[in-house]
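Here's the structure, in structure tokens; my notes come after.
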Amino acid sequence: MAIPYNKRTHMNGELRKEHEGQEVILVGWAQNYRDLGGMAFIDIRDYTGITQVKFNPQTDPESHKLAGTIRREDVIAVRGNVILRGENVNPKLPTGEIEIAGHELDLLSKADTPPFEVSDDIDAGEDSRLKYRVVDLRRPKMQKLMRLRHRLAKASRDYFDEQGFVEIETPVLGKSTPEGARDYLVPSRVYPGQFFALPQSPQLYKQMLMMAGYDRYCQIVRCFRDEDLRADRQPEFTQIDLEMAFVQVEDVISCVEGAVQRMFKEGIGVDVQIPFKRMTYKEAMDRFGIDRPDMRFGLELQDITAVCEKTDFKIFKEAIASGGVVKCIVVKGGGTMTRKETDGLTEELKGIGAGGMPVTKVVEGDGGKPELSTGVAKFLQPVCDDLLAATGAEAGDLIVCMPGTYADVCKYLHFVRTRLAEMLDLIPEDEWNLMWVVDFPMFEWDEEEKRYCSLHHPFTAPRDEDIPLLDTDPGKALSKAYDLTLNGIELGGGSIRIHQAKVQSKIFELLGLSAEEAHDKFEFLLDALRFGAPPHGGLALGFDRIVMMLGKCLSLRDVIAFPKTQRAVCPLTNAPGDVAEAQLEELGIDLRPEVKARKNA
RNA sequence: GGGGACGUAGCUCAAUUGGUUAGAGUCCCGGACUGUCGAUCCGGUGGUUGCGAGUUCGAAUCUCGUCGUCCUCGCCA
């Protein structure tokens, strides 16, 4: 008679010595088998763990015979009795004090040889892990990550529920908007030639919910951006999206701090201190060259423009003359770095567009007076005293310089700083450096398009005192925007929004959106603003990134069950794929000839 | 679109830098074994070296193209 697999008595990580003697039914996957001829062992696995089952040919010849044929990943059901292992305890297994004397065994599903072992210490490549994702997801590590993800989502929902938030679903089929990332488009069958856009974020819907009087909204929501991928960027990703009415910056920040604190506690049992640190955008850029600095290590940027002005070094003088700066990073004890190491870093820098990486070392000269050596020493030696005084560098240190525009210097030195920290092993483990970056500029100047672009998005409110600047010097206006960073990763961002139609129109105008365009694209928002809009603001947290950080993963793909590859395809299903000609016809879509040709090639 | 790393057995890797029949571990198959748990021992199967050209007496190795994976710059309001 078959074992009733729907009546399992225990999970496979559950049994202990106090269960001795009980008859149990276990179901799961065969992790491994060890056939000793006279005796056979099978490890049975589910997401809770592993239990060893023993089959004895004398007492249960039939089951023993079948057990000999069981292979990895076969799905089986076992009926037997819990017995103590005596001297054969396995201290590596939580269930290692007991085993099952197997009396009955059913093979529920025979498995092909798996492409890789279901185990944490595999080093299978991403290709096969993603192609055989079902097998990959069985691994204990992936099981833990998916369950961590669930706990974090639940902690967030619980928290916001307690804080009076209401979860409201917003449309996935929406309208394409100008600015921002590329949209994923969905053709409309009913209106051939017209398209829905998948949301990059529910931004406008949540603002309208505030105008509609829901006061506090949150949603764990899928968002889409058709841009190139990175280890921490997927084309479809999940946000914890929230919005609050009648609030100021402080209210949103402290509310979110509570949520993050709760997620750390319930997710990984870590207590994080609130309030989090804060830093202005300007300070972050000046000191670290990036608006999401990793605060776990030093290597800060220092401005040495004034010192370098006095040198005859051509590339420094040229940079300064054209309005640029010279900054540097002093690497304490970096004098021991080899030429090979610094050259390697220079090559990496050139790979992202830098012209080079002027370096020099501080050494102890004659009479114990520090002087410069190697690299660009000869150009800087004349201002050595000033340089050391300005930077605090001393004998044994390495100085990495960078001339150029402020933006380029920030970019390149941020890269250098991060790489140096890795190379010199300066990044402490188990440190959670949460920080708010505030006071972002409203706009940045787009040199190509010769116009201002929103640094956050066009609905971000300017600081009250900066509203006059919108007319006089928009580039100087700061916003009520804030980003939450963790160890150099952006976890989320938000702002207080514009709640006055007049100000909103002004911003559209500054962004080069004509009144007609603004009306065409955002009539619904401007209307909503006209009919009574409360002051409001909110934030969106990158949920996948939070799971990635708390799960100590290096890639978003490890915390998303079915992620896309770097080329934005799903290796499991092979999406995206072709559609039938009839489908295109119905939508009124003709592929461009060159696209057809490429497909047929 | 640019830069970089990589692609060899189902999986993870090697191949003395262009030289004999492309090896190892693991998995898998067969055999032995009553206390294994990374089982062990004996034997065995398994290869279009991603694909396509080229150079060469000779290519996994060099060149070009192409496809794919990963990292990254641009991009990501």
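Since the model is a prediction, treat every value here as computed from it, not as a measurement. Values reported hereafter were calculated over all heavy atoms of this structure, with side chains retained and with hydrogens, waters and symmetry mates removed. The chains referred to below are lettered A, B, ... by the order of the sequence lines, with proteins before strands, and numbering in each begins at 1.
Shown for residues 228-237 of chain A: residues whose heavy atoms fall under 4.0 angstrom of RNA chain B, namely A/Asp228, A/Arg230, A/Ala231, A/Arg233. Listed by residue number, there are no residues of residues 496-510 of chain A with a heavy-atom contact under 4.0 Å to RNA chain B.
Aromatic ring pairs are classed by plane angle as parallel below 30°, tilted from 30° to 60° and perpendicular above 60°; the pair A/Tyr482 and A/Trp436 is perpendicular.
No contact: A/Leu93 has no heavy atom under 4.0 Å from any strand. Residue-level contact check: A/Arg557 touches the backbone only, with heavy atoms under 4.0 Å from sugar-phosphate atoms and none from bases. Note on A/Gly86: nothing from the nucleic acid sits closer than 4.0 angstrom, heavy atoms only.
Under the salt bridge (charged side-chain N to carboxylate O under 4.0 Å, His left out) criterion, A/Lys110 pairs with A/Asp74, sequence neighbours left out. Shown here are the side-chain hydrogen bond (donor to acceptor under 3.5 Å, both in side chains) partners of A/Arg85, two or more places apart in sequence or in another chain: there are none. Residues passing the salt bridge (charged side-chain N to carboxylate O under 4.0 Å, His left out) test with A/Asp425, sequence neighbours excluded: none. For A/His19, there are no side-chain hydrogen bond (donor to acceptor under 3.5 Å, both in side chains) partners two or more places apart in sequence or in a different chain. Among residues two or more places apart in sequence or in another chain, the salt bridge (charged side-chain N to carboxylate O under 4.0 Å, His left out) test is passed with A/Glu227 by A/Arg182. Here A/Asp408 pairs with nothing under the salt bridge (charged side-chain N to carboxylate O under 4.0 Å, His left out) rule; sequence neighbours left out. Under the side-chain hydrogen bond (donor to acceptor under 3.5 Å, both in side chains) criterion, A/Asp520 pairs with no residue at all, not counting sequence neighbours.
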- Item | Per-nucleotide protein contact string for nucleotides 27-36 of chain B (B base, S sugar-phosphate only, - none; heavy atom under 4.0 Å) | SSS---BBBB
Please list, pair by pair, any protein nitrogen or oxygen found under 3.5 Å from a nitrogen or oxygen in nucleotides 2-6 of chain B.
none

Which pairs, protein N/O on one side and nucleotides 66-69 of chain B N/O on the other, fall under 3.5 Å?
residue : atom : partner  : partner atom : Å
B/G68   : OP2  : A/Arg567 : NH1          : 3.0
B/U69   : OP1  : A/Thr565 : OG1          : 3.4
B/U69   : O4'  : A/Asp127 : OD2          : 3.4
B/U69   : O2'  : A/Asp127 : OD1          : 3.0

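Nucleotide B/U26 is shown with an anti base, its glycosidic torsion being more than 90° from 0.
Nucleotides B/G58 and B/U12 are separated by 30 Å at their C1' atoms, to the nearest Å. When the P atom is used for both B/G18 and B/C62, the distance is 7 Å, rounded to whole Å. Nucleotides B/G31 and B/A15 have their C1' atoms positioned 32 Å apart, rounded to a whole Å. B/G52 and B/C71 are spaced 27 Å apart, taking the C1' atom of each and rounding to whole Å. When the C1' atom is compared between B/C57 and B/G43, the two are found 40 Å apart, to the nearest whole Å. Comparing the same atom, P, in B/G23 and in B/U40 gives a spacing of 24 Å after rounding to whole Å.
Taking for each of A/Glu444 and A/Asn90 the nucleotide of RNA chain B with the nearest heavy atom, the 5'-most of the two is the partner of A/Asn90.
By the 4.0 Å N-to-carboxylate-O rule, A/Asp439 lies close enough to A/Arg463 to be salt-bridged with it.
For the residue pair A/His103/A/Asn81, the side-chain donor-acceptor check at 3.5 Å is satisfied.
Dashed line: the shortest gap from a side-chain N or O of A/Arg45 to OP1 or OP2 of B/C37 is not under 4.0 Å.
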- Message: If you apply the rule side-chain hydrogen bond (donor to acceptor under 3.5 Å, both in side chains), what do you find for A/Gln219 with A/Thr170, and how did you get there?
- Response: CA-CA 9 Å; A/Gln219 183 185 189; A/Thr170 51; 3.0 Å; yes
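Ring centroids of A/Tyr33 and A/Phe41 are separated by 6.0 Å or more, keeping the two rings apart. Outside the 6.0 Å centre-distance limit, the rings of A/Tyr184 and A/Phe196 are not counted as a close aromatic pair.
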